[in-house]
Every structure is written in structure tokens, then in C-alpha cells.
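This structure is a prediction, so every number in the text was calculated from the model and none was measured. Atom set for the values below is all heavy atoms of this structure, side chains included, hydrogens, waters and symmetry mates excluded.
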Amino acid sequence: MPNNSTKDTAGAAIVARQPATFGTMAEKKSDRSAEDDEACCLSGCHSPRWQPCANVKLFVGNFTVVLVLLSIYSTYQIGVLTTIERRFQFPSKYMGAILAANDIGSAFFVMILCHIGSNKRKPAFITYIVQLSTLGIFLASVPHYIYGGGGPTASAEVVVCTSPLDNRTEQPVCVSNGAFVSSESRVAFILMFLGGLLIGTGLSPLYSLGVVYIDDNVQHKATVSYYMGITQAVPLVGMMVGFLLAALTVLLPDDLKDTTLSPDDPAFMGAWWLGLVIVSVVLVLVSFPMACFPKRLPGGASNQARGDEAADGRNSDKAAKTEEAQAVEAAEQLFEKMKAKPKEMFREVWRLLKNPVLVCFALGGALDMYSFSFLSFLPKYLERQFGQTASTSSIATGFVVLVAAASTLVAGYMIRRFKVQLRGIVVITLAFSLITAIFGCICMLVVGCAIPWASETDTQPLEFNTTCSDGCSCEHSPFSPVCSDITQLVYFSPCHAGCTLADEQNGTQVFANCNCTNTVARSVQRGICEQDCPAVYAYLVVIYLAILLAAPGFLTTIIGRIRCVEVSQKPLAMAIGSLTLTMLNSLPGPVIFGAAIDSTCVVWAQGTCEGETGACIAYDHTRLRHVFHGVLVAFKLAAALCYAFAWYKVKGPYLGDSDDDYVVHSDTLASYDNKAFSSSSSVATTKKHTED
């Protein structure tokens, strides 16, 4: 018989070995999970051929290309703004609402998506939100597929004096203001607005998550700033490309069919939708590989280990801490404290709101940034005030991006080179705002080239129904301007010129037997009279100089916000500045400038004379010049007042003092209980000399 004691001993040995076996299996599973987190994959498939792609440089390259494409879209939308207005008969304020939709989506979902994305595999989550933005870009082009090419390029019908009234398009000329001209306009506006919401929602956490992923996976922390510089500088090229793409697409007919109209003709409608399709398709293809990057690159784990080693080093020698390490540690402690006690967050926010310099920089920065809303409508202004084509206006506006980028880079170098302190930052920002306001006033003096409309009156509003065309019943004639080569006058339509015959010569529509021309030829041709407008060059020189001096102000406002608070409060101060910028600038800015431009309109394209209006046909050029620049000057002066108050509150030497003369310590702004920045308790400075 077998020995029972032997069996029991063997069984006990087996049982004793089981925990070790299970533990080994768990460790292996954990190891495999860690390996999977560092391996490139697609839908759970880990191919060995893909693993060399698990590289931070490739991710930075892929991420930067995505940012470039999104930058192309942002400026492309500005370049085709006037074309969309004419195609769907949008007033400028509605186009401003479409531009603001991006920021509405961003403001509502940025915190939620950043929180969700921080707990997910960031590259895959970035791909998902980019696809959401891509859907929004494509959705903005959907009105073209619903309603077709449309516009004058789709129908060559032109009303002349002898045309039956029943065959004319119901579009009378009335001087009033109202809403949309048709249900087509309403649907197009809704689709474009929804597209903007999707785009803004997808863009909101994009840059934050991408930068965090890069920071977590670099082998050397010193290279983070280098990669961040790439992700910020290279997309500026995309902004210029966006304007160039807009300039090319508006030269093509809306329906991509041959037409006798030239791009210079106001009746010509460019292919505004084509660039949206191109960007969305390329964005899908480029963002797809990003989903294959692992949750953690192979260097990520070693980064964490290096961080632990660095922490041990700091514990052993705290004197060796760098200023950057102190800032990171203090910020982490602050946010952990606020996470544990939510009331602490509100206390910290209240403390910052009692900091007058921070509040001034936040408000001043939001008011200063109205320059971007101004630039959004600059192509439209160049078209209306100086008679430039949509293509030329887009290219001219595109150079603003290059000027602003170069100016900001030089300003950043100079601030670092001369070690400008807080008081100097305030002085520079104030000076830039005042100088920009002065240039805005100069722009008001640059008189454009008004269209010489043939009107019964020289005053506003214009009266296109002249006595020589009274018998033609032109009230329902669509807008189709014609030019008299001899008198250089522009008539609202061939009917308003009293023309009874239509013909085509050398690919150009010509109308004859016109009663209103008072010339021997008695003929007009389609389009607005060509006129040389040299004033546009003087205007662009002034604009480029203004941008050259205004762009550094955007950088100094950011620097000012982070230098006027404690080290641990810098992230929260930046968040307050961003929220202020969104609520006071990004959301209302385009709508304010659009409404200001609409207020100078004297003739609207309408469906009825009872209030339904579409796009503006004619502007009061003098009022347009004054209102467009006056709004910008008003915001710049308001920003200057904020900076002036900040200068009054900041204590310390002026720009030019040595680096040791003014040192702001981490505890300089620790108390704002009663009077922030009082000379006794708010600012701690180290000075070599005492001011008299």
C-alpha cells in the first residue's frame, strides 16, 4: 500500500507551489501588459514591423503635420469668407457667428475632454478628436452638395429692359436690414455653425494632450522645449498656406464648370468648398497613423525612473533645485491640495482675482486680441474698400502671418537677451497697444477707391432706379453689375442701365441700346469697371507696420500673467487668462466686427422688402473705413488703460535696469487680502539702490 504520509507530503508541496505559480503568471501578464503599452499597435495587433515607429520624433512629426492642416483650415475659412457670404447671402454678423462657433465648442468641452484624454491612450484619443474636427470641416462644405453650385455662375440669365416681369428673379433692391434671404441660407448657416462647434470641440484638448504625451516620453527633458517650439512654429507655415489655398480655389467656378465670367466679375462665384474637402481628406489620412502609437513610448518608463532619481537627488540636496523644478513641484502640490479640497480652488481663484496686475493683464490681453477679429475681416475690407479680388485679398492678408511670426520671434529673443523684468514688460505692452491704436487712426485716413455707382442721388442711401429706366420695371432685377467704358459708371444691372439687347463678344457679355449711358455707343459690359487703386499699397504698408509692432504685445501679455503671481499659481493664472480671452474676445469678437461692417451697408440683396436681407451689395465707403478701424482703436485704447493701471500698481525699476536690480521671488505675491501690490506686503524685491 502506498504510504499516506508520503502522499500528504507531496500534496502539500503541490499546494505550496501553487501561489508561486500563480504569482509568476500574474507577473508575466503584467510584463506583457507593460510591453503592450510600449508597442505600436492597431486594433490590438502588435506587428514587429511597426515597433521601430514607436519613436517620439515620429510622433512629433505626425502631430505637427496635423497642426499644420488645422492651421490651413483656420485661415482658409477667412480667405473664402466673402465668397460664402455672397453664395448664401449671409450678412457679415452671421459669418462672424460661424467663426465664433469654433471657440464655443472649445469653451464648453475643453475641460471634459482633457480629463477623459488624460486617462486614455493619448495618441488614439487624439486621433478620435481630430476625426471629430475633420467631420466638422467636411460638414461645412455639405451645403454645396445639397444646393449645388448656385449663384450667377449656375445661371447666365440676365434681366434686360424688355424681359417679361414674370421671368425675373424675386430679388428687389430695398434699403433695410433683417434676417436670411431664403431657407437655403438658413440651412447653410445651421450646417456651418454645427461644423464649427464640432471643429472647436475636437481642437479644444488637442494641443494640451499632444504636448503632455511628448513631455512624458522624451529621453531628455531638455528637448521638450525644442519639440514644443516645432509644434508652435511650423503650424504658422500652415496659416500662410491656408490663405494661398483660398486664393487658388476662389479662382475656380463654384460648380467647376466652364463659365464666361472672369474671377474679377462680382457675379463670379469661387469654389469655396473645395479647400474644405481637400483639408478634411488629407487630415483623415494623416491623423490615422497617430492611432498606432503606444500608450507609452519605450523611453517613457525610463523617464519615470529618471524622475524618481531626480526626486531622490532633490531630497538629498534641495539647494540644487532649479527654478523650473520648484515651479513644477509647487504647482503639483497646489493642485493636489485643490483636488483634495475643492473649496481650495475657489480660494486660490479669489486670491488671483484680487491681484490687480493679473486682472489687468487678463482684461488687457482679451481686448488687445481683437486684432485677430480685425484680421478675419481684412480680406473683405480690401475687396470692398480698394476693389481687390478675393484671391488678391487672401494673399495680401496671408503675409500678415509672416510679419507677426517674425516680429514675435524677435521680441522673444530681445526680452530674453536684455532680461526684461515685470515693470519693463508692462511698459512694452502699453507702448505696443498705444502705437497700434495710432496706426489704426492712420488707416482711417487712407481713402479707398469707391465704386462709381450710377445713382439718382450722390448721398446715401443710393437710388439705382433712375428716371431713364423707369419704364423697365427693374425692381425685381437681380444684382448683376455692368460698366460703361466711356463714363466709367457702374449700373446695378443691365435693366437699370436701360439696356434692351444682350450679346456676347470675345467671351464677354455686352449689352446694347442702353438709354442711361448718354453716349454714342450706348453699350455696357458685364462687371465692375476696372480702376487702378494705388492707395491699397499705402494701406498695406501701414497694416504691416502695425502688425509688426502689435504682435509682440501678444507675447508680453502672456509673460506678464505668469510673472505677476507666485510660482505655484502660474498654471491657474494662465487658465484665468485663457478663460477671459475666450469669453471676452474669441466668442464676441467676430460677431462684433461683423455687425459693425453690416451697419455701414446701404443696399442689401433681399427676397422681400419687408425685412429679409441677404449679403450686402453696396457699402458707405467712408463709414466703413471709420467704423472698421474705429472699433479696433477703441479696443486698443481700452487695453492700454488696463496696462497703464498695471504699470501704476507694479513697484520696481524701469526697463534697462540690471538683472540684479529687480528680482521677484516665489513669495512676492503671497497676499492680496486688502491692497494687492502695496509697497509693504505685496511685492518683495531685492534692490542694489533705493529710489529717491
Side-chain angles (χ1 to χ4, degrees), residues 24-70 109-135 201-232 234-235 282-311 328 332:
T24 304
M25 293 175 62
E27 292 176 359
K28 290 182 178 180
K29 185 177 181 180
S30 176
D31 293 340
R32 284 198 302 270
S33 178
E35 292 176 358
D36 291 346
D37 286 345
E38 297 182 2
C40 287
C41 66
L42 180 63
S43 299
C45 178
H46 301 78
S47 174
R49 298 180 180 179
W50 298 348
Q51 303 320 309
C53 297
N55 187 299
V56 68
K57 294 181 179 179
L58 291 180
F59 177 83
V60 171
N62 196 347
F63 183 64
T64 303
V65 173
V66 170
L67 294 178
V68 168
L69 289 170
L70 293 172
F109 295 102
V110 58
M111 298 298 294
I112 298 175
L113 292 179
C114 280
H115 175 71
I116 296 175
S118 63
N119 299 320
K120 302 291 183 181
R121 187 160 62 97
K122 291 183 180 65
F125 190 78
I126 290 174
T127 302
Y128 299 149
I129 60 177
V130 169
Q131 299 305 322
L132 185 64
S133 296
T134 304
L135 178 61
T201 302
L203 290 179
S204 56
L206 175 63
Y207 190 78
S208 299
L209 294 177
V211 170
V212 169
Y213 184 77
I214 294 172
D215 182 68
D216 290 342
N217 291 282
V218 292
Q219 295 182 354
H220 304 285
K221 290 296 181 181
T223 60
V224 174
S225 59
Y226 171 72
Y227 289 137
M228 289 181 63
I230 293 176
T231 59
Q232 292 180 359
V234 176
V282 177
L283 197 55
V284 169
L285 298 177
V286 171
S287 62
F288 181 75
M290 194 176 298
C292 300
F293 281 92
K295 182 177 182 179
R296 183 179 61 250
L297 293 175
S302 57
N303 286 337
Q304 187 174 1
R306 280 191 296 275
D308 295 337
E309 293 174 2
V328 172
E332 289 177 351

Is the shortest side-chain heavy-atom distance between [X] and [Y] below 4.5 Å?
X	Y	value
V66	M290	yes
F125	I129	yes
F293	Y213	yes
V130	L283	yes

Legend entry - From CG (L58) to SG (C292), nearest 0.5 Å: 12.0 Å
Legend entry - Point-to-point distance, once rounded to the nearest 0.5 Å, from CG of L132 to OG1 of T127: 12.5 Å
Indicate the atoms forming the closest heavy-atom contact of [X] with [Y], along with that distance.
X	Y	value
V286	N62	O-OD1, 3.0 Å
L67	P235	CB-CG, 3.7 Å
P294	P123	O-CG, 3.6 Å

